[in-house]
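Computed from a predicted model, the values in this text were never measured in an experiment.
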Amino acid sequence: MLGPQRYSLSTISEALASGGLVMEDIPLPGQWKLTDADYVGSAATEREKALRLGRIKKRDQRWHVLSEVIGAAKAQDIVPVAYLLVEKITEVSRRHGISKPTIYSWLHRFWAGRECLNSLLPNTNRCGSPGSRKKQTGRRLGRKSQRYKAGRVQSEGYSLKEGDPERLACGYALVKPGVTLRDAYLLTMGAYWSSPHQDECGKLQYELFPDHMRPTQPQFAYWGRKLHGSPLRRKVMGLDRWLTSTLAVAGSAQDQVHAVGQMAMIDSTSTDLYLTSMMSRHLVLPPMARTIVIEVRSTCAMGFHVGWEDPSSDTSLLAILCAAQDKKEIVARYGIDIELDEWPGMLHRLYLADNGEMKSEAIKEAEKQFRFGVEFAKAYSGQSKSLVESSHHATHKALDHKLPGTTRGKQRKRGQPDPKSEALWNYGEYMPEFILELIAYNNQEVPDLAPVDMVRVGIAPTRINIFRWLRDHGVRADIGFDLDQLRAFTLPSYKAVFRRDGVHLLTEDGSTRIRGHRFFAEEVVADARWQKAATDNRSVDLTVKLNPQDLTHVWLPTEEGLVCLPNVQAEQALLDGLTLGDWKGFLGEEALRNDSGRQAKDQHELDKLVRRDKVSRAATAEKKKELQESSVAPTPVKNQSLRQNKAQEKEHLSPKTLTGSGDTGSEKIPPASPSAPDAAEIAMEDFMREFG
């Protein structure tokens, strides 16, 4: 109803009596109930705040006009004689230059809104022709780039042309588990806004157009959602995670520290990825466990351990060891070349961990020796270790959930493909990508954490730069240590034996030697245990320190300290990415194959023995027959000339003799005298007579 209408009293009475006219209490919109300060202060953005201030200004202007029409009179007094306002509205319209229909519209809106002043707020937030596509023009719509505003580029940006929204929507359809919005955007840009060319190896490469000649990611997301529909987040994420409530904690992790080395967070998680063995792509391995150490002040990833061992104090100590040393040699094993101090290490004064993984005697002993502390977060309180938990999610999203064989952190439901059947990558291929992700994470800029002096000198505020700046300027609280001593307390112990040729690893029970790997160095020659093994030609039991993910060397505890023993037997292919668990798995599969082929092997050996015995029996029978048919007694073996016999045999086996040409009248070799059969021959004859 555009305004109040007049009816006769009888019509109103009949409508009330018949129920056709009822009183209805319509609640006011929520924004009308707010004060001006609350209305402006509740805006989510500065832009919306400015828009609300403009609406308040327009509201006051409208009320200024209406107040000259109705004054302080109430609607119940004016509505019955509203026709008397015609002259006053005409006069106000002429005075302010506003059309009479506009003033009537404001008046009716004011009365319908219970004479609430905020009912005069304009509904401009609902403008824009919802549901209809805005016509594309030659000028780019939306906010201009910062570089254009600064005068560094001449183009405002790419203006969408006919068909471009549909192309963006097609690319947006690629978004699914394993393909993020960013991935889909880049694939779409590579398909429609790039120039393909072949590189020097003949591979097809796609070079993206400059950013002002292609759509932006916000444009991609806008048109993708508009034309293709919003992602089915509830279906993708799962009902449980969708309904899970999260606890927001005030403040930040940096509130607890002021220097690097003061605190680190350590946590373990699954890689959510099935891998294949280094020895065979058909041998599928379960997801590994990954332990990460995050420095709290700079949020830099300091160390890691990735392997098939269950999370425990051993894996935590290995991650602490990695975090404490420079990573140049560690990453070089996976083909990644970085400079010294490009990824430095540090032993932190305090480690915040889960309640359970770092409770062991080994941790207590390391705490006493190096004087670092371990604190345990409350159970089911992931926000207590927010930095390392966020790092897990970022790595899952950027790497793990994009590779073939990923579980995406969920159990497979009925009808879904088994991720084990899609496993392709192996450990040697996964680790370089994981390390590169950590390096990229450390090189992300975090300006809020950067010291002011560092920004002033023009150093990029990346995590690793912040860490090095604070370390080099004395803002550090780490613990000094000897690296060999730290290895002795953090590397797990493995059973091994000293032999004359070096150190050999044993299985967990100490009964079987693990073949394929042997460790030796000149320093062990002076060790009494090796001298005993070399002199007595026997094995001497010992214990070595070993990182199960690195078989290139082991550490031997001696009276002089830890001695590094390189692997002198394994091929380089076995050292690049091959873990101890992977090698044990291969040996186990090989042993299983040998057991499975034992029947065929035994059958082959039996057939060989029977075949050879048949030849021996036939030769024995021929020898007896030759003796019986000969009229001349054979020359005893001790009186025969072996040289003459050899010459005659060579003449007999010559090609000329074998082809049937030439003189074949050579003398026959006199047969040797037969010997009496023994008991073994008699038994063999009985066996062949029954089964042969």
Side-chain angles (χ1 to χ4, degrees), residues 177-178 180 236-238 240-241 244 246-247 249 253 263-275 285-296 299-323 330 348 351-360 363 374-412 419-420 423 425 427 430-442 444 463 547-549 579 581:
T180 63
V236 171
M237 297 173 64
D240 295 338
R241 182 174 177 183
T244 301
T246 57
L247 176 62
V249 180
M263 177 187 288
M265 296 180 180
I266 182 171
D267 188 55
S268 301
T269 187
S270 171
T271 58
D272 294 346
L273 181 69
Y274 287 98
L275 297 179
L285 300 174
M288 297 182 292
R290 178 171 61 233
T291 304
I292 300 293
V293 178
I294 299 293
E295 207 280 322
V296 174
T299 69
C300 181
M302 297 300 298
F304 60 89
H305 175 75
V306 184
W308 281 278
E309 301 86 6
D310 293 332
S312 63
S313 60
D314 289 341
T315 59
S316 299
L317 287 173
L318 286 172
I320 291 175
L321 174 62
C322 178
I330 297 176
H348 291 73
Y351 291 92
L352 182 63
D354 276 338
N355 190 6
E357 292 178 3
M358 295 187 67
K359 286 186 175 181
S360 68
I363 294 291
V374 178
E375 286 189 1
F376 302 101
K378 185 174 63 174
Y380 304 103
S381 179
Q383 66 273 11
S384 301
K385 308 188 310 302
S386 56
L387 295 179
V388 69
E389 295 289 352
S390 299
S391 175
H392 288 327
H393 292 309
T395 307
H396 282 321
K397 184 177 179 181
L399 176 64
D400 300 329
H401 294 174
K402 292 185 177 182
L403 300 181
T406 178
T407 64
R408 295 189 179 89
K410 305 175 183 177
Q411 291 185 351
R412 184 177 71 92
K420 293 192 291 292
W425 287 39
Y427 182 85
Y430 173 82
M431 285 304 296
E433 289 298 321
F434 167 70
I435 293 174
L436 290 175
E437 280 296 328
L438 285 188
I439 294 176
Y441 172 81
N442 287 344
Q444 291 177 356
R463 290 184 170 93
N547 184 348
Q549 268 58 54
T579 67

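By the 4.5 Å heavy-atom criterion applied to side chains, Thr407 and Arg412 are not counted as neighbours. Side-chain contact between Ile320 and Met358 is present, with heavy atoms from C-beta onward closer than 4.5 Å. Taking 4.5 Å as the limit, every side-chain heavy atom of Tyr427 sits out of range of all side-chain heavy atoms of Leu285. Side-chain contact between Leu317 and Leu321 is absent, with no heavy atoms from C-beta onward closer than 4.5 Å. Within the 4.5 Å cutoff, the side chain of Ser312 has no heavy atoms near those of the Asp310 side chain. By the 4.5 Å heavy-atom criterion applied to side chains, Glu309 and Leu318 are not counted as neighbours.
Environment of NZ in Lys397: sparse, with no more than 12 heavy atoms of neighbouring residues, nucleotides or ligands closer than 6.0 Å.
Note that the CE atom of Met265 and the CE atom of Met302 stand 14.5 Å from one another [nearest 0.5 Å]. Remark: Ile292 CD1 to His392 NE2 distance equals 6.5 Å, nearest 0.5 Å. One finds the CG atom of Leu399 at 9.5 Å from the OG1 atom of Thr406 (value rounded to the nearest 0.5 Å). Here Cys300 contributes atom SG and Leu387 contributes atom CG; the two are 11.5 Å apart, rounded to the nearest 0.5 Å. Distance check: Ile294 CD1 to Thr299 OG1 gives 7.5 Å after rounding to the nearest 0.5 Å. One distance of note links CD1 of Ile330 with SG of Cys322; it measures 4.0 Å at 0.5 Å rounding.
Among all heavy-atom pairs drawn from Ala377 and Leu352, the shortest one is N-CD1, 4.1 Å. For the pair Trp308 and Pro287, the tightest heavy-atom approach, listed with the atom from each and the gap, is CD1-O, 4.1 Å. Residues Glu437 and Ala398 approach most closely at OE1-CB, 3.5 Å, considering heavy atoms.
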side-chain contact (heavy atoms from CB on, under 4.5 Å) between Leu403 and Glu433, intermediate numbers included: CA-CA 11 Å; Leu403 300 181; Glu433 289 298 321; 5.9 Å; no
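Residues passing the ring-ring contact (aromatic ring centres under 6.0 Å, His included) test with His348 are Tyr351, sequence neighbours excluded. Listed by chain and residue number, Lys385 satisfy the salt bridge (Lys or Arg N to Asp or Glu O under 4.0 Å) test with Asp354 (two or more places apart in sequence, or in another chain). For Ala319, the side-chain contact (heavy atoms from CB on, under 4.5 Å) test picks out Ile266, Thr291, Val293, His305, with sequence neighbours left out.
The residue from Arg290, Arg408, His401 that alone fulfils the side-chain hydrogen bond (donor to acceptor under 3.5 Å, both in side chains) condition with Asp272 is His401.
For the pair Thr271 (side chain) and Met288 (backbone), a donor-acceptor distance under 3.5 Å is present.
Below 30°, between 30° and 60°, or above 60°: for Phe304 and Phe434 the angle between ring planes is above 60°, a perpendicular geometry.
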